[in-house]
J.: 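What follows is a single structure, and I will ask about it in a moment.
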Amino acid sequence: MSIHIEPEEGAEAAAQIPDEEFQVLVRIVVWELAMRTNPEQFEEHVKQLSAFRDRFEPDLDTARKERDARRFVAAVLADIESLPTTENSQERSASEPTTGLYL
């Protein structure tokens, strides 16, 4: 498995990592943290993570919505890009009758 993180992307540094790969990465980090700390230190780190989550939940919710919106826009643009066009076709022919419904 090869995980690519873009540090210059800030909050979006790991956005492109699939959920399954990200979960593997988290398990690796938790394992390593457990290896490097005693049980009391590990428990303290877990408490700090929980407090972090509680403190930043509104910001996390906003960031999630923004990320979902960016992914939606990217998906729509990719769909539009994949639509066939007539300007590049070699053979110009009469188009099929239309229904009058357009994007």
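Note: hydrogens, waters and symmetry copies are ignored here, and every other heavy atom, side chains too, is used.
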J.: Please report, to 0.1 Å, the donor-acceptor pairs under 3.5 Å made by any side chain of residues 2-10, with sequence neighbours excluded.
T.:
from : atom 1 : to : atom 2 : distance (Å)
H4   : NE2    : E6 : OE2    : 2.4

J.: Provide the full list of side chain to side chain donor-acceptor pair (under 3.5 Å) pairs with a residue in residues 73-83, sequence neighbours left out, each pair given once.
T.: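 For residues 73-83: none.
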
J.: Under 3.5 Å, side-chain donor or acceptor atoms of residues 42-57 against the rest of the protein: list the pairs with distances, not counting sequence neighbours.
T.:
from : atom 1 : to  : atom 2 : distance (Å)
R53  : NE     : E57 : OE1    : 2.7
R53  : NH2    : E57 : OE1    : 3.4

J.: With a 4.0 Å cut-off, would you call D68 and R64 a salt bridge?
T.: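 No salt bridge links D68 with R64.
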
J.: Go through V73 and R70 one step at a time and tell me if the side chain to side chain contact (heavy atoms under 4.5 Å, CB included) criterion holds.
T.: CA-CA 5 Å; V73 168; R70 282 192 299 277; 5.8 Å; no

J.: Under the rule for salt bridge (charged side-chain N to carboxylate O under 4.0 Å, His left out), what residues qualify as partners of R67, not counting sequence neighbours?
T.: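 R67 satisfies salt bridge (charged side-chain N to carboxylate O under 4.0 Å, His left out) with E12 once adjacent residues are dropped.
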
J.: Using the side-chain hydrogen bond (donor to acceptor under 3.5 Å, both in side chains) criterion, which residues pair with D59? Sequence neighbours excluded.
T.: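 Per chain and number, D59 pairs via side-chain hydrogen bond (donor to acceptor under 3.5 Å, both in side chains) with no residue.
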
J.: Which atom pairs, donor and acceptor, lie under 3.5 Å between side-chain atoms of residues 13-33 and protein residues at least two apart or in another chain?
T.:
from : atom 1 : to  : atom 2 : distance (Å)
E32  : OE2    : R36 : NE     : 2.7
E32  : OE2    : R36 : NH2    : 3.2

